[in-house]
There are 2 protein chains.
Amino acid sequence: MTTTQHPWQRDSAVVDHRGLRVLDMEECLARLGSCPIGRVAFHEAGGLAVLPVNHVLDGTSVVFRTRWDSRLASTVDGRPVAFEVDDYDPATGTGWSVLVRGIAECIRDETTGRRLEKLLGMPWLGDVEEAFWVRIRAEEISGRQQGDPRAERGCC
Amino acid sequence: MTTTQHPWQRDSAVVDHRGLRVLDMEECLARLGSCPIGRVAFHEAGGLAVLPVNHVLDGTSVVFRTRWDSRLASTVDGRPVAFEVDDYDPATGTGWSVLVRGIAECIRDETTGRRLEKLLGMPWLGDVEEAFWVRIRAEEISGRQQGDPRAERGCC
């Protein structure tokens, strides 16, 4: 990691070996919280899988509801997963991504579920019988910005 | 997998256990080819990683150029990875995703590189010294559609 400065960067900006600006934790959490769609990567029997999910940020945890079947629930419960949000604007060549690594856990506690349904605006136990909630307890959060952030769109 | 019919579905539509329409191979390839941005998931020393990349479809292979460092190149070369493209429109509640599983290989052959740079519109060996190309040879391609496809946007 170097401290090479580009004209568009803040005085305090840190740039990685690829010339991408390193997003600090506050920026990473803000972008995780403002993007409604992210992608979760995990292992299942057939190999690596990546699925888009609607999520919310609950502290530094990523929470989402899915309609995966119960087999998949047991596949991720207690296991390491990765979660990513990003945005890219081809018109300006700017983009960013934030990566979360952590342990997934299925949420079975109704009190927690009721609290989260208000955050996500989706029913805790609702219209889809097989839906369940997953929390990713973050162990590592990191983000990068490419291009001039002043030309950047707000979110996904 | 069931053959439950919804009004918006084609006569031949197949629906999975979640009620999502199963995209056939032709649809999967069309969406992989028309989305400029996808996410690749792979293992690195720190755990699972997911990164956005600009890609093109070359036959049934996904090809992209990255500025990952050489350590990361050796991490994915010859290893199983997953690649995903998706789109979701909150206004209509429609969305889709396509998942590719396969083996990543770094492209070092200049003839192939020159051909691919025309496809991707990026230089084979160009402005970024550490850039390199990766091909994902697909072993499995699958896709799902949620909601009425008639209300759907074209792409990402």
Side-chain angles (χ1 to χ4, degrees), chain A residues 16-20 35-44 46-54 66-72 76 79-90 93 95-104 121 127-131 136 139-140 142-144 146 155-156, chain B residues 16-20 35-44 46-54 66-72 76 79-90 93 95-104 121 127-131 136 139-140 142-144 146 155-156:
Chain A
D16 73 6
H17 69 279
R18 296 171 292 176
L20 305 181
C35 265
I37 302 287
R39 287 92 197 169
V40 59
F42 57 94
H43 282 277
E44 58 171 358
L48 258 179
V50 186
L51 287 179
V53 292
N54 271 98
T66 118
R67 294 191 292 170
W68 296 341
D69 63 21
S70 54
R71 184 181 54 80
L72 214 58
V76 301
R79 304 288 171 84
V81 299
F83 180 82
E84 188 254 11
V85 291
D86 62 51
D87 193 25
Y88 182 72
D89 182 357
W96 55 267
S97 68
V98 173
L99 177 67
V100 176
R101 285 180 179 140
I103 304 297
D127 52 340
V128 182
E129 194 179 338
E130 290 186 353
I136 302 173
E139 296 182 339
E140 184 185 331
S142 58
R144 295 292 184 274
Q146 173 180 316
C155 184
C156 332
Chain B
D16 73 4
H17 69 279
R18 297 171 293 175
L20 304 181
C35 265
I37 303 287
R39 287 92 197 170
V40 60
F42 57 94
H43 282 277
E44 58 171 359
L48 257 179
V50 185
L51 287 179
V53 292
N54 271 97
T66 116
R67 294 193 292 170
W68 297 342
D69 64 21
S70 53
R71 183 181 55 80
L72 214 57
V76 300
R79 304 287 171 84
V81 299
F83 179 82
E84 188 255 10
V85 291
D86 62 51
D87 192 26
Y88 182 73
D89 183 357
W96 57 266
S97 67
V98 173
L99 177 68
V100 176
R101 285 181 179 137
I103 304 297
D127 53 338
V128 182
E129 194 179 339
E130 290 187 353
I136 302 173
E139 296 182 338
E140 184 184 332
S142 58
R144 295 291 184 274
Q146 173 179 315
C155 184
C156 333

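Throughout, a chain's letter reflects where its sequence line sits, starting with A, and its residues are numbered from 1. Just so it is clear, the model here is predicted, and its values are computed rather than measured.
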Q) Is it the backbone or the side chain of A:Val81 that comes under 4.5 Å from a heavy atom of chain B, or both, or neither? A) backbone

Q) For A:Pro80, is it the side chain, the backbone, both or neither that has a heavy atom under 4.5 Å from a heavy atom of chain B? A) backbone

Q.
Which residues pass the side-chain hydrogen bond (donor to acceptor under 3.5 Å, both in side chains) test with B:Arg39, not counting sequence neighbours?
A. A:Asp86

Q. Of all residues at least two apart in sequence or in a different chain, which pass the side-chain hydrogen bond (donor to acceptor under 3.5 Å, both in side chains) check with B:Glu140?
A. B:Arg101

**Q.** Least distance between heavy atoms, A:Ala49 atom then B:Ala82 atom
**A.** N-CB, 4.5 Å

Q: Name the option with the most non-hydrogen atom pairs under 4.5 Å to chain B; the candidates are A:Gly46, A:Ser142, A:Ala41.
A: A:Gly46

(Q) Tell me which one of A:Leu99, A:Leu48, A:Val50 satisfies side chain to side chain contact (heavy atoms under 4.5 Å, CB included) with B:Leu48. (A) A:Leu48

